[in-house]
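Take a look at the structure below.
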Amino acid sequence: FVDFPREGIVFRDICPILKDPAALSAVIDLFEEHVRRNHQHVDLIAGLDARGFLFGPLLAQRLGVGFVQVRKKGKLPGPTASVAYELEYGKAEAEIQKDAVAPGQKVLIIDDLLATGGTLYAACELLKTLQAEILECVVIIELKELRGADRLQPHAVFSLLQF
Ligand code: PRP
Ligand code: HPA
């Protein structure tokens, strides 16, 4: 979609993947294969609000591990850690429950799409404050020209599709 949600943005939409059960299971198959091949042990999958929530729990179930949420500010009860970040088209604040991850746990972060990397960077910062070991960030779509993967270094990014 051109000029959504603002002029100048070409919006890559993941709705067709969710609508097609074969496409959705193919996406989860590819993530599962990648994770099993590259990581000996995963403790948790951390998914980003909102579209990381659509894929993260499916992958977590496949891997037999738990899923935790990195949410937009003000949604999670109890003690939380929070961080502000900038988006391709706006500003936001992300939060995680302080007991979501124990120190040293190996966490894989998932979202639908990597644009500038601001969102995944914020998630990495939150997980670092909880002393998680970040294994990698995985996304379906990577918008290469925005160089999000560079911003996330030294954390690795795995993407299924690049534009
Ligand atoms: C989109 C997308 C990623 C993020 C990518 O979410 O789902 O989370 O932007 O952009 P970045 O790499 O430049 O940070 P959005 O913030 O629009 O929220 P939503 O998932 O709630 O729609
Ligand atoms: N598509 C979906 N979400 C996004 C995009 C996009 O092109 N850019 C930033 N978030």
Side-chain angles (χ1 to χ4, degrees), residues 1-20 23-28 30-32 34-35 42 44-63 65-77 80-97 100-101 107-130 132 134-163:
F1 292 95
V2 176
D3 294 335
F4 180 88
R6 274 211 334 248
E7 216 176 302
I9 305 284
V10 178
F11 190 87
R12 306 284 174 182
D13 184 28
I14 47 95
C15 294
I17 296 173
L18 291 162
K19 195 174 178 185
D20 177 350
L24 181 57
S25 55
V27 161
I28 304 303
L30 290 167
F31 278 144
E32 181 185 8
H34 170 80
V35 175
V42 179
L44 288 168
I45 307 278
L48 303 200
D49 193 352
R51 289 173 252 154
F53 296 173
L54 300 169
F55 304 97
L58 295 174
L59 179 60
Q61 286 278 296
R62 285 282 191 90
L63 297 170
V65 305
F67 175 81
V68 298
Q69 305 174 48
V70 174
R71 288 216 66 176
K72 303 252 162 78
K73 194 181 171 62
K75 304 284 185 182
L76 288 169
T80 56
S82 62
V83 62
Y85 63 99
E86 302 228 345
L87 278 166
E88 192 184 5
Y89 45 72
K91 268 189 175 179
E93 211 163 323
E95 271 184 352
I96 192 167
Q97 286 177 322
V101 180
V107 179
L108 195 82
I109 308 177
I110 187 166
D111 203 357
D112 64 327
L113 179 140
L114 171 63
T116 65
T119 306
L120 277 167
Y121 185 87
C124 289
E125 291 297 299
L126 285 178
L127 288 162
K128 272 186 248 169
T129 66
L130 302 185
I134 298 165
L135 294 173
E136 193 178 28
C137 299
V138 306
V139 295
I140 300 173
I141 298 168
E142 179 178 357
L143 305 182
K144 280 277 184 188
E145 67 186 20
L146 296 175
R147 304 207 157 272
D150 292 347
R151 181 150 176 207
L152 292 171
Q153 275 179 16
H155 304 298
V157 173
F158 172 71
S159 57
L160 300 179
L161 288 169
Q162 297 86 28
F163 290 99

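For ligands, and for the atoms within them, numbers begin at 1 and follow the listed sequence.
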Starting from atom 1 (C) of ligand 1, what is the nearest protein heavy atom, named by residue and atom, and what distance separates them? Arg51 NH2, 3.4 Å

Within ligand 1, which atoms have a heavy atom of Gly118 less than 4.0 Å away? 11 (P), 12 (O), 14 (O)

Check: Glu32 side chain, Leu63 main-chain N or O, donor-acceptor pair, under 3.5 Å: no

Atom CD of Gln61: over 12 foreign heavy atoms under 6.0 Å: no

Using a 4.0 Å heavy-atom cut-off, which part of Thr116 comes near ligand 1: side chain, backbone, both, or neither? both

Looking only at distance, does Ala115 have an N or O less than 3.5 Å from an N or O of ligand 1? yes

Is it the case that ligand 1 has an N or O less than 3.5 angstrom from some N or O of Leu120? no

How many angstroms lie between NE2 in His155 and CG in Leu127, if you round to the nearest 0.5 Å? 9.0 Å

Could you tell me whether Tyr85 and ligand 1 have an N or O pair separated by under 3.5 Å? no

Which of the numbered atoms in ligand 1 are below 4.0 angstrom from a heavy atom of Ala50? 19 (P), 20 (O), 21 (O)

Tell me, which protein residue and heavy-atom name are nearest atom 5 (C) of ligand 1, and how many Å apart are they? Leu113 O, 3.5 Å

Heavy-atom gap Gly117 to ligand 1 smaller than 4.0 Å: yes

Quick one: does ligand 1 sit under 4.0 Å from the side chain of Thr119, the backbone, both or neither, non-hydrogen atoms only? both

Give a yes or no on whether the ring-centroid distance for Phe11 and Phe1 is below 6.0 angstrom. no

A student checking ligand 1 against Asp112 at a 4.0 Å heavy-atom cut-off should list atoms 2 (C), 3 (C), 7 (O)

Kindly tell me which protein residues have any non-hydrogen atom under 4.0 angstrom away from an atom of ligand 2, grouped by chain and ordered by number? Val10, Phe11, Arg12, Arg51, Glu88, Tyr89, Leu113, Ala115, Leu143

Do any N/O atoms on Leu87 end up under 3.5 angstrom from N/O atoms on ligand 1? no

I'd like to know if the side chain of Glu86 reaches the main chain of Gly118, judged simply by a donor and an acceptor atom lying under 3.5 Å from each other, with no hydrogens or angles considered. no

Just wondering, do Ile134 and Lys128 contact through their side chains at under 4.5 Å, heavy atoms? yes

For the residue pair Arg12 and Phe163, would you count it as a cation-pi contact if the rule is NZ or CZ under 6.0 angstrom from the ring centre and within 45 degrees of the ring axis? yes

